[in-house]
Amino acid sequence: MNAIITLTTDFGLADAYVAAMKGVILDINREATIIDVCHTIAPQNIAQAAFILSTAHQFFPARTIHVVVVDPGVGTERRAIILRTPRFDFVAPDNGVLSGVIEPFLKERLRPAQGQTALPPELEAVSITRPEFWRSPVSPTFHGRDIFAPVAARLSLGAAPEEFGEVIRSITLLPEHRPYQESAGTLVGRIVHIDHFGNLITNFKRGDLPEEPFAVEVSNRFISRLSRTYGEGEGLLALIGSSGYLEIAVKGGSARDFLGAAVGDDVKIKLGKR
Amino acid sequence: MNAIITLTTDFGLADAYVAAMKGVILDINREATIIDVCHTIAPQNIAQAAFILSTAHQFFPARTIHVVVVDPGVGTERRAIILRTPRFDFVAPDNGVLSGVIEPFLKERLRPAQGQTALPPELEAVSITRPEFWRSPVSPTFHGRDIFAPVAARLSLGAAPEEFGEVIRSITLLPEHRPYQESAGTLVGRIVHIDHFGNLITNFKRGDLPEEPFAVEVSNRFISRLSRTYGEGEGLLALIGSSGYLEIAVKGGSARDFLGAAVGDDVKIKLGKR
Amino acid sequence: MNAIITLTTDFGLADAYVAAMKGVILDINREATIIDVCHTIAPQNIAQAAFILSTAHQFFPARTIHVVVVDPGVGTERRAIILRTPRFDFVAPDNGVLSGVIEPFLKERLRPAQGQTALPPELEAVSITRPEFWRSPVSPTFHGRDIFAPVAARLSLGAAPEEFGEVIRSITLLPEHRPYQESAGTLVGRIVHIDHFGNLITNFKRGDLPEEPFAVEVSNRFISRLSRTYGEGEGLLALIGSSGYLEIAVKGGSARDFLGAAVGDDVKIKLGKR
């Protein structure tokens, strides 16, 4: 069956770990279309993988199967899960790596959830426990190849999630860092990702921003207006990026290098003209 | 339809920008075969993208659709275009990135064209202006995902270029750096690309070279004969590389590291024995 | 025909060499599924390519065609070959890059073979000599594009290996570095690969290890027991990795960085409690 399976891992590009997973998938479903989302997640960086996945999974055709293997607890007690949303399936360790996928479904809640969190009603999840669908023997260090890949391949042939284990009603979420109000005129957010161009992607969504005028403060510098594109003005600029988050960029350059900024750094919104 | 779509970008490998484009394409044409040409073009380096594309696009099946997103002017006034050649289609910003594709069609001209240049008669081009084929809303910073990808996908389903906008009769070309004669016995060219192996690829085509004997001068060193393969002789060597250009290489090593050479450096041909 | 062709090269990610090969393959067999195994083999490192291929080729569907282009002798007298095993086909230079594929078939022999070695009876090989299947003219520096890719594509359409040249009965093998007994209580092996996570993969297979207790010595440090997963204990650990080799790892870190280790370094097994 011509299903689409995507792969997001921290396996890098110097080994054949990703290829081994693809071989396993194709050996079960020869017709699968396998697409790489990203394999350069920093080793064991669950938050980065959650962010990357949140910026790409939604553009794929309905019922695409997204496999994520950023799995510092491989071989330990951490669960492996299938998550079914109204539009997609995910196969991943239950370590928070699907947080960015699940958050939009939690949006009505007053406070962000984290840790073991009850699943919203639109979502189903299964703990992958039935070994008859796995490669045998399972390497304790490579569940990507021996569990996630064959499970995803069999899902792509039409198996139901419940065939792979028990239905579960809670899932692990990362702590969500949302901007907060520090004082009357100041909102505090943070850099959640720095992309290949050195653009600083913050956790301010479009709807988090007040009416202009306001200034964006980052690394002791102020940006007094929002630009629309990377090609406007000169030097440091702020705009709403393609995933809907406030971004800091430098025209023709790298904001990371220009500012010496890092993931986790504060970014503030200061109301009023400056 | 089982069309082939290739992607050439400066998006790097650390984000999901490329994957988002692939998702958009597959969501429109599930049967498309998507092939990566290169995603590690230096950020916003239009000339490098033009060179890379010129060394690979021609090997694909007829009517392959080549998408190029190296686009420093994204969201500004620069045009987005479809270029149709007798054999391929291209979807790209009109910023010179297709120069290497167009140059062979200009070959009869006395002087190289640059800037806005009239299209040769074998080529058709369209300015992409009709938003009904785009994703909506369009991010001003990611036309790759919201314009180029859906346009390429719809082209791959059989849409005609004219459905996407107005026919145009000129296109932007980069200045072409051709070797020139500096004095009676000396031709001057330059390094246009340095590949992964550290081989220095020049702008001397086979036909630009005089009859031997001549010496190749680069970084104050002389190479007195052409080799046929990288495995011949010892140390520094010159040969006609796989794209038909004069290359400088080091057997079992990197000419870039050995010579400290960079793109843009002069390479000279000096007639006579040395 | 929907054949699967994999590619393993040292071409890196900064050029379009890999894309040119894919274009050539698709131009001959539009239905081929092309999978990247690895393109970041260190330039001309045949042993690394042999190792990488040995960890991934076996997971693919039967009759997958594996193409390897790590080819320091391109254009010289070295042979290009097709190797047919009971399960797969390989297209590669005859320079030892298929050693890891062939070794399991040699397993009954007393001493490891190297250099020109008679093929075991289960394997067939052909020297690729008939130019009518190649691109023309052949670049002396890019047989990947002009010979290996078209040969693999035509194999994928059902051509028999014998159509491409003469059957040969010997093949080039790299020297195999197997652990040896240095003294009564000491086995000596070596690091054969360091993966993206900095895990040190040795040449001790599970069956090479004595009964516990024993200690693993590496870089003047001792590890006194085998772990099962990367998530166990603290700091330095040893385990049987996913390819069946003894690995040295650091929980949540890089054993390469922690120990300053390199491929080729000794790893010793010392019998008894420590």
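Keep in mind that what you see is a predicted model, and the values were worked out from it rather than measured. Order of the sequence lines fixes the chain letters, A, B, ..., with proteins taken first and strands second; residue numbering starts at 1 for each chain. Every heavy atom of this structure was used, including side-chain atoms; hydrogens, water molecules and symmetry mates were not.
- Contact annotation for residues 53-66 of chain A against chain B (heavy-atom separation below 4.5 Å, listed by residue number): A:T55, A:A56, A:F59, A:F60, A:P61, A:A62.
- Ranked by non-hydrogen atom pairs under 4.5 Å with chain B, the options A:I194, A:V37, A:D195 are led by A:D195.
- Remark: A:T229 OG1 to B:E77 CD distance equals 10.0 Å, nearest 0.5 Å.
- Using a 3.5 Å distance cut-off with no hydrogens or angles, the side chains of B:D10 and A:H196 do not pair a donor with an acceptor.
- Side-chain atoms of A:T40 come within 3.5 Å of backbone atoms of B:L13 as a donor-acceptor pair (strictly under, hydrogens ignored).
- Here the CZ-OG1 distance, from A:R228 to B:T141, works out to 10.0 Å after rounding to the nearest 0.5 Å.
- Neither the backbone nor the side chain of A:L7 comes within contact range of chain B; no heavy atom of the residue lies under 4.5 Å from a heavy atom of that chain.
- Contact check for A:N2 versus B:E31: side-chain heavy atoms found under the 4.5 Å cut-off.
- Proximity to chain A (any heavy atom under 4.5 Å) is restricted, for B:Y17, to the side chain, taken from C-beta onward.
- B:D15 contributes atom CG, which lies 5.0 Å from atom CD1 of A:I52 (distance to the nearest 0.5 angstrom).
- Neither the backbone nor the side chain of B:R78 comes within less than 4.5 Å of any heavy atom in chain A.
- Counting heavy-atom neighbours within 6.0 Å of A:R87 CZ, excluding the residue itself, gives a total above 12.
- For the atom pair A:S242 OG and B:H143 NE2, the distance stands at 10.5 Å (nearest 0.5 Å).
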A:I35 vs B:L26, side chain to side chain contact (heavy atoms under 4.5 Å, CB included): CA-CA, chis, key distance, verdict: CA-CA 10 Å; A:I35 301 287; B:L26 292 170; 3.8 Å; yes

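- For A:D36, the part lying under 4.5 angstrom from a heavy atom of chain B is the backbone only.
- At a 4.5 Å heavy-atom cutoff, the contact between A:I4 and chain B is made by backbone and side-chain atoms alike.
- Proximity to chain A (any heavy atom under 4.5 Å) is shown, for B:V18, by neither the backbone nor the side chain.
- For chain A, the option among B:P43, B:P140, B:S139 with the highest count of heavy-atom pairs below 4.5 Å is B:P140.
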